[in-house]
Amino acid sequence: MKYSALKGVHDIFPPDVYLWQDVEAAAREVFSAYGFQEFRAPIIESTDVFVRSIGETTDIVEKEMYTFTDRAGRSITLRPEGTAPVVRSYVEHHLYHLPAPQKFFYVGPMFRYERPQAGRFRQFHQIGAEAFGIDEPRIDAELLAMLRVFFERLGLEELNFEINSIGCEGCRPNFRKALRDFFSEKLDRFCPDCRRRYDQNPLRILDCKVEACRTLRDGAPRVTRFLCSACAEHFGTFQSYLQLLAIPFTLNPEMVRGLDYYTRTTFEVTTKHLGAQNAVAAGGRYDRLVEDFGGPPTPAIGFAMGIERIVALLRESGTTIIPSPVVFIATVGEYASKEGLAIAVRLRGRGIWTELGYAGHSLKSQLRRADRLSARYVLIVGEDEMRSGKVQWKRLADGSHGEMPFDEVDSFFMARAEP
RNA sequence: GUGGGUGUAGCUCAAUGGUCAGAGCACUGGACUGUGGCUCCAGGUGUUGGGGGUUCGAGUCCCCUCACUCACCCCA
């Protein structure tokens with residue numbers, strides 16, 4: 001084979017593509033009801049947009065970005081995530097002048113140069129949502145409510161909502177210091193990665209999956225105890241809203257996000273059904289980011305979902321979506337097959353999905369194909385019908401059948417196009 | 001970047017180092033001259049991922065390589 005898709009990227013075609021469409025349609029429906037409007041940002045940005053927001057020492061920036069130099073010598077990066085471009089655009093177009101809150105959602109591909117595995121690809125697709133201008137924790141709860149409705153609409157169950165607060169610029173240094181103090185004396189027993197994390201970002205040690213590190217961090221300080229009073233109150237109110245809305249959640253004080261711009265509320269939607277990559281959606285507050293991009297102080301919160309992972313869950317739950325034609329026209333003889341083509345083009349012009357049998361194949365094989373396609377009706381146009389001026393129709397589900405004059409075909413199916 | 005697993009027909013998979021590499025699904029035709037699903041019969045398709053080696057003989061054993069895949073790492 002001469003050509004194949006690049007490592008970590010995938011072609012998407014039926015029947016999977018129908019699951020994709022369903023996921024995207026569910027997001028548009030549900031998010032619209034919550035007042036989120038679609039936002040289409042470019043797929044390429046200045047490399048700086050990502051380096052400064054995601055964080056210079058994060059894995060994404062250090063070793064996962066698709067970065068290249070364009071013909072004018074600029075450093076360009078294919079977006080590895082969706083929030084930074086939206087924030088860049090929000091600031092660039094002064095959208096903060098519009099009445100708050102501004103709520104946006106986006107759908108599209110992201111790119112990270114990683115070793116592919118289950119649920120992890122080099123080109124993957126996210127649906128994200130961002131809400132600007134609201135500090136109140138009510139919006140945090142609304143986002144989770146929206147996520148819950150979205151997953152219900154798709155029929156997905158057994159999802160866990162995990163929440164945490166990682167505090168603000170004010171209270172996080174205290175926590176970081178407390179962590180270092182706690183880990184310092186037994187640092188040599190941690191894995192090499194954790195020893196590196198100790199210097200760079202000790203919060204990440206909490207997220208290590210190595211068993212030894214898990215036990216070593218028993219009794220480690222909890223971030224929630226180091227929140228300043230404002231952050232603590234914010235987090236408490238957030239939880240009370242979740243209770244009010246009857247959204248079940250679990251507190252996960254060890255949940256640490258991989259992007260540096262997060263503040264206060266963070267959350268993840270996880271599943272047990274996806275192997276190692278168990279997060280289907282994740283997000284949090286980034287109250288400083290708009291300012292970092294040169295805008296006015298603007299609190300904000302958002303999340304992103306992985307479409308591939310959601311589709312994988314749908315597939316695993318046995319969900320299949322296979323659309324089928326309304327009409328299948330089987331013809332016998334050359335004269336009739338021309339008439340069949342004319343009827344098909346007319347019905348299609350009215351928006352009715354119509355398939356044609358292969359001219360020259362036996363009637364039996366044409367009907368068999370109609371059955372395989374799960375066509376709702378078959379029209380039979382043969383030499384007898386051409387003589388009598390009437391076509392036969394048959395409904396495959398129950399075998400009922402009849403005949404009608406040629407000129408009644410359109411109205412017959414217009415009346416029956418909906419299931 | 002590091003480890004493990006797997007590569008055989010369009011798809012899912014068989015084949016102790018030994019004849020011409022086989023099944024099921026799918027596709028077409030027929031049994032049933034123009035009426036689907038069920039059943040039966042018939043029809044053809046392979047650089048066994050690629051390259052090298054061992055052997056009288058390799059899909060099978062060894063080496064290299066490529067691809068896919070799972071996990072670590074990281075994350076959606």
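Naming convention: chains lettered A, B, ... in sequence-line order (proteins, then strands); numbering from 1 in each chain.
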**Prompt:** Across all strands, who's sitting opposite rC11(B) as a Watson-Crick or G-U wobble pair, both distances under 3.5 Å?
**Reply:** rG24(B)

**Fill in**
Regarding the side chain of Arg372(A), the nearest nucleotide among rC27(B), rC73(B), rA76(B) is rC27(B)

**Asked** Between rU28(B) and Ser365(A), is there an OP1 or OP2 to side-chain N/O distance shorter than 4.0 Å?
**Response** no

**Request:** Let me know the distance between NZ of Lys7(A) and C1' of rC68(B), rounded to the nearest Å.
**Result:** 8 Å

**Request:** Would you mind classifying the nucleic acid contact of Glu62(A) as base, sugar-phosphate or nothing, using non-hydrogen atoms under 4.0 angstrom?
**Result:** nothing

**Message:** Mind checking if Gly119(A) touches a base, just sugar-phosphate, or nothing, with heavy atoms under 4.0 Å?
**Reply:** base

**Prompt:** What's the NZ-C1' distance between Lys63(A) and rG1(B), to the nearest Å?
**Reply:** 7 Å

**Prompt:** Taking CG from Leu367(A) and P from rG29(B), how many angstroms apart are they, rounded to a whole number?
**Reply:** 11 Å

**Asked** Start at the 5' end of RNA chain B and walk down; is the nucleotide closest to Glu383(A) or to Tyr358(A) reached first?
**Response** Tyr358(A)

**Message:** If the threshold is 4.0 Å, N to carboxylate O, is there a salt bridge linking Asp59(A) and Arg112(A)?
**Reply:** no

**Base-pairing mate for rC68(B) - Watson-Crick or G-U, with both contacts under 3.5 Å** = rG5(B)

**Request:** For salt bridge (Lys or Arg N to Asp or Glu O under 4.0 Å), just list the numbers for Asp135(A) and Arg264(A), CA-CA rounded to whole Å, side-chain angles, deciding distance to a tenth of an Å, and then say yes or no.
**Result:** CA-CA 11 Å; Asp135(A) 186 55; Arg264(A) 289 193 163 173; 3.6 Å; yes

**Prompt:** Has the side chain of Arg120(A) got a donor or acceptor atom sitting under 3.5 Å from an opposite partner on the base of rC73(B)?
**Reply:** yes

**Request:** Tell me what Glu81(A) touches on the nucleic acid: a base, only sugar-phosphate, or nothing, going by heavy atoms under 4.0 Å.
**Result:** nothing

**Point-to-point distance, once rounded to the nearest 0.5 Å, from CG of Asp22(A) to CG of Leu314(A)** = 7.0 Å

**Asked** Roughly how far apart, to the nearest Å, are rG24(B) and rG44(B) at atom C1'?
**Response** 16 Å

**Length of the line joining Phe13(A):CZ and rG10(B):C1', which is rounded to integer Å** = 12 Å

**Prompt:** NA contact type, Phe328(A), heavy-atom cut-off 4.0 Å: base, sugar-phosphate, or nothing?
**Reply:** nothing

**Item:** rC66(B) and rA58(B), which share atom name P, separated by this distance in whole Å
**Value:** 26 Å

**Prompt:** What distance separates Arg348(A) CZ from Glu355(A) CD, expressed to the nearest 0.5 Å?
**Reply:** 6.0 Å

**Request:** Just name whichever nucleotide pairs with rU16(B), Watson-Crick or G-U, keeping both distances under 3.5 Å, else none.
**Result:** none

**Complete:** Atom CZ of Arg112(A) and atom P of rC75(B) are separated, to the nearest Å, by 8 Å

**Request:** Select base, sugar-phosphate, or nothing to describe what Arg115(A) touches, counting heavy atoms under 4.0 Å on all strands.
**Result:** base

**Request:** Taking atom P in both rU35(B) and rG29(B), compute the distance separating them and give it to the nearest angstrom.
**Result:** 14 Å

**Item:** Side chain of Arg368(A) - closest among rG29(B), rC72(B), rG34(B)
**Value:** rG29(B)

**Fill in**
With the side chain defined as heavy atoms from C-beta on, Leu396(A) is closest, among rG29(B), rG36(B), rA76(B), to rG36(B)

**Message:** Which nucleotide wins on minimum distance to the side chain of His10(A), given the candidates rG34(B), rG37(B), rU69(B)?
**Reply:** rU69(B)

**Item:** P gap between rG4(B) and rC20(B), integer Å
**Value:** 37 Å

**Asked** Under a 3.5 Å cut-off for both distances, is rG44(B) Watson-Crick or wobble paired, and to whom?
**Response** none

**Asked** How close or far is atom P of rG1(B) from atom CD of Glu114(A), stated in whole angstroms?
**Response** 13 Å

**Item:** Partner nucleotide of rU35(B) by Watson-Crick or wobble geometry (both distances under 3.5 Å)
**Value:** none

**Request:** Determine the interatomic distance between C1' on rU8(B) and the same-named atom on rA14(B); round to the nearest Å.
**Result:** 9 Å

**Prompt:** Hey, is Arg315(A) close enough to Asp16(A) for a salt bridge, meaning N to O under 4.0 Å?
**Reply:** yes

**Message:** If you assign each of Ala281(A) and Pro116(A) to its closest nucleotide in RNA chain B, which residue comes earlier from the 5' end?
**Reply:** Pro116(A)

**Request:** Rounded to whole angstrom, note down the C1' distance from rA76(B) over to rA15(B).
**Result:** 43 Å

**Request:** Mind checking Ala282(A) for me? I need base, sugar-phosphate or nothing, with any heavy atom below 4.0 Å counting as a touch.
**Result:** sugar-phosphate

**Message:** Within the 4.0 Å heavy-atom criterion, would you say Gln392(A) contacts the bases, only the backbone, or no part of the nucleic acid?
**Reply:** base

**Item:** Same-atom distance (P) from rC62(B) to rG5(B), integer angstrom
**Value:** 12 Å

**Item:** Opposite nucleotide pairing with rA58(B), Watson-Crick or G-U, both atom distances under 3.5 Å
**Value:** none

**Message:** Suppose we call a contact any N or O donor and acceptor under 3.5 Å apart; does that hold for the side chain of Gln366(A) and the base of rU35(B)?
**Reply:** no

**Request:** Look at the side chain of Gln117(A) against the base of rC73(B) and say whether a donor-acceptor pair falls under 3.5 Å; ignore hydrogens and angles.
**Result:** yes

**Item:** rG7(B) to rC61(B) separation - P atoms, rounded to the nearest Å
**Value:** 10 Å

**Asked** How far does OG of Ser32(A) sit from CZ of Phe105(A), to the nearest 0.5 angstrom?
**Response** 5.0 Å

**Asked** Nearest-Å distance, CD (Gln277(A)) to P (rC75(B))?
**Response** 10 Å

**Prompt:** Rounded to whole angstroms, how far apart are NZ on Lys364(A) and P on rG36(B)?
**Reply:** 4 Å

**Message:** What I want to check is whether an N or O donor and acceptor connect the side chain of Arg309(A) with the base of rC75(B) at under 3.5 Å.
**Reply:** yes

**Item:** Side chain Asp287(A), main chain Thr263(A), donor-acceptor under 3.5 Å
**Value:** no

**Asked** Contact class for Gly128(A) (heavy atom, under 4.0 Å): base, sugar-phosphate, or nothing?
**Response** nothing

**Message:** Students often get this wrong, so: under 4.0 angstrom with heavy atoms, is His125(A) touching a base, only sugar-phosphate, or nothing?
**Reply:** nothing

**Item:** Atom pair CZ (Arg138(A)) and CZ (Phe238(A)), whose distance is rounded to the nearest 0.5 Å
**Value:** 13.5 Å

**Asked** Which is true for Val280(A) with a 4.0 Å heavy-atom rule: it touches a base, it touches only sugar-phosphate, or it touches nothing?
**Response** sugar-phosphate

**Item:** Short N-O contact, Asp384(A) and Arg387(A), less than 4.0 angstrom
**Value:** yes

